[in-house]
Amino acid sequence: MSEQPLRRLGVLGSGKGSNFVAIAEACARRELPAEIALVVSDVPDAAILERARERGVPARYIPPGRFRTKLDEEAEAAYVAAMREARVDLVVLAGFMRILKSEFLSAFPDRVVNIHPALLPSFPGLEAWKQALDYGVKVTGVTVHLVDAGVDTGPILAQAAVPVLDSDTPASLHERIQEVEHRLYPEAIRSLLAGGITFKGRRALRLG
Ligand code: GAR
């Protein structure tokens, strides 16, 4: 059992929430010295909200505003306010399909993490498993990284490889990638909170 105080995680997601579930279960098993303080989605009927509520985790839909790929200014301020009210130590993106801009990122400097379904810097952006299959790589994988102002460009915290099989379809490859995500994401967050991850020799996170 860890001696660390429980850290508060704020999760943002747009989809089915399987990574949220993996993180919540790691918290419940005390493998991750953290609790999920709030889940926010930009999609009103996203399954992640239901997955959170059935576990007793506060869950809110916050309208994203008028853009398709990012939050508008008012929405971004509302997302920051929600995370601050929930007193989160770390913001965890779990299938959140919008780009966060500087207002959000400067409110949580070096405290926003993302999971991406490829070995960055290969295949940033959407449907990375499909990009990998279309390109014909033999190995792809999963990356956990800090979020910066670029698209899938922030400091890499953890990676794991997934072989591409000749028989793979986009769906079968994404399914195997997700199995790896569910193991890697809680583990990377655990190491990050413990101060055990460095990027180019610099400690990736310092919590007070
Ligand atoms: C995950 O595969 C995650 O890597 C991907 O969305 C899926 C969300 O699944 N994220 C991205 O592609 C971000 N660029 P989930 O809702 O079941 O956790």
Side-chain angles (χ1 to χ4, degrees), residues 2 4-43 46-53 55-62 64 71 76 79-101 104-117 120 142-148 151-160 177-178 180-197 199 204-207:
S2 167
Q4 277 181 260
L6 288 187
R7 297 300 187 176
R8 295 172 67 80
L9 308 180
V11 175
L12 301 186
S14 309
K16 67 182 193 289
S18 69
N19 280 288
F20 157 76
V21 169
I23 294 164
E25 287 180 351
C27 291
R29 290 194 299 266
R30 292 284 182 264
E31 290 167 9
L32 186 51
E35 58 190 327
I36 300 179
L38 178 65
V39 171
V40 175
S41 183
D42 58 324
V43 177
I48 191 172
L49 293 172
E50 192 51 37
R51 297 285 84 77
R53 289 178 187 131
R55 284 172 173 74
V57 174
R60 289 176 60 186
Y61 160 65
I62 302 183
L71 302 172
E76 197 155 61
Y79 277 65
V80 170
M83 290 290 136
R84 283 204 169 125
E85 273 162 32
R87 293 177 289 111
V88 308
D89 296 300
L90 187 71
V91 177
V92 175
L93 307 188
F96 188 64
M97 302 314 278
R98 286 172 192 269
I99 296 160
L100 293 171
K101 307 303 276 187
F104 191 96
L105 296 176
S106 61
F108 301 98
D110 287 343
R111 288 178 186 217
V112 183
V113 294
N114 182 42
I115 189 155
H116 184 75
L120 291 172
V142 175
T143 301
V144 177
H145 65 97
L146 289 182
V147 176
D148 67 8
V151 176
D152 301 325
T153 51
I156 290 173
L157 304 176
Q159 292 187 301
I177 286 173
Q178 287 228 282
V180 174
E181 290 184 334
H182 301 158
R183 179 178 52 73
L184 190 70
Y185 212 3
E187 174 55 31
I189 294 168
R190 190 196 63 71
S191 300
L192 184 67
L193 293 175
I197 299 188
F199 176 75
L205 178 70
R206 285 176 195 279
L207 291 173

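Residues V80 and A107 approach most closely at CG1-CB, 3.7 Å, considering heavy atoms. Contact between R55 and A24 at its shortest, heavy atoms only, is CD-CB, 3.9 Å. Summarising the geometry of P186 relative to E181, their closest heavy-atom pair is CD-O, 4.0 Å, with the distance given to 0.1 Å. Taking both residues in full, the closest heavy atoms of Y61 and V43 are given as CD1-C, 3.7 Å, listed atom of the first, atom of the second, then distance. Taking all atoms of both residues into account, the shortest heavy-atom contact from D152 to L120 is O-CD1, 3.4 Å. Across I197 and S191, no two heavy atoms sit closer than the pair CG1-CB, 3.7 Å.
Atom-to-atom distance recorded for E187:CD and L32:CG is 9.0 Å, nearest 0.5 angstrom. Atom NE2 of residue H145 and atom CG of residue L93 lie 8.0 Å apart, to the nearest 0.5 angstrom. In this structure, the separation between CZ on R7 and CG on L207 is 4.5 Å, given to the nearest 0.5 Å. Taking CG of L193 as the start and CG of L90 as the end, the distance is 6.0 Å to the nearest 0.5 Å. How far CD of E25 is from CZ of F20: 9.0 Å, rounded to the nearest 0.5 Å. The structure places CD1 of I189 at 11.0 Å from CG of L205, a figure rounded to the nearest 0.5 Å.
Partners of D110 under the salt bridge (Lys or Arg N to Asp or Glu O under 4.0 Å) rule, at least two apart in sequence or in another chain, are R202. Every side chain to side chain donor-acceptor pair (under 3.5 Å) that D42 has, sequence neighbours left out, goes to S14, R98. Take E50 and apply the salt bridge (Lys or Arg N to Asp or Glu O under 4.0 Å) test, not counting sequence neighbours, and it matches no residue. Take R84 and apply the salt bridge (Lys or Arg N to Asp or Glu O under 4.0 Å) test, not counting sequence neighbours, and it matches no residue. Residues passing the side chain to side chain contact (heavy atoms under 4.5 Å, CB included) test with P155 are L146, F199, sequence neighbours excluded. With sequence neighbours left out, R8 forms a salt bridge (Lys or Arg N to Asp or Glu O under 4.0 Å) with E35. A search for side chain to side chain contact (heavy atoms under 4.5 Å, CB included) contacts involving T153 returns D148, not counting sequence neighbours. Residues passing the side chain to side chain donor-acceptor pair (under 3.5 Å) test with E31, sequence neighbours excluded: R29. With sequence neighbours excluded, no residue satisfies side chain to side chain donor-acceptor pair (under 3.5 Å) with K101. With sequence neighbours excluded, the residues forming a side chain to side chain contact (heavy atoms under 4.5 Å, CB included) with R183 are A160, V180, listed by chain and number. In this structure, S41 has no side chain to side chain donor-acceptor pair (under 3.5 Å) partners at least two apart in sequence or on a different chain. When the side chain to side chain contact (heavy atoms under 4.5 Å, CB included) test is applied to V88, the partners found at least two apart in sequence or on another chain are A37, M83, A86, V91, F108.
Counting only heavy atoms from C-beta outward, the side chains of Y185 and V113 approach each other to under 4.5 Å. Two residues are said to be in side-chain contact when any heavy atoms from C-beta on lie closer than 4.5 Å; L71 and L100 meet this criterion. Side-chain contact between V147 and F96: absent, with no pair of heavy atoms (C-beta onward) separated by less than 4.5 Å. Under the 4.5 Å side-chain criterion, counting only non-hydrogen atoms from C-beta, N19 is in contact with I115.
Looking at Y79, its side chain does come within 3.5 Å of a backbone N or O of I62 through a donor-acceptor pair.
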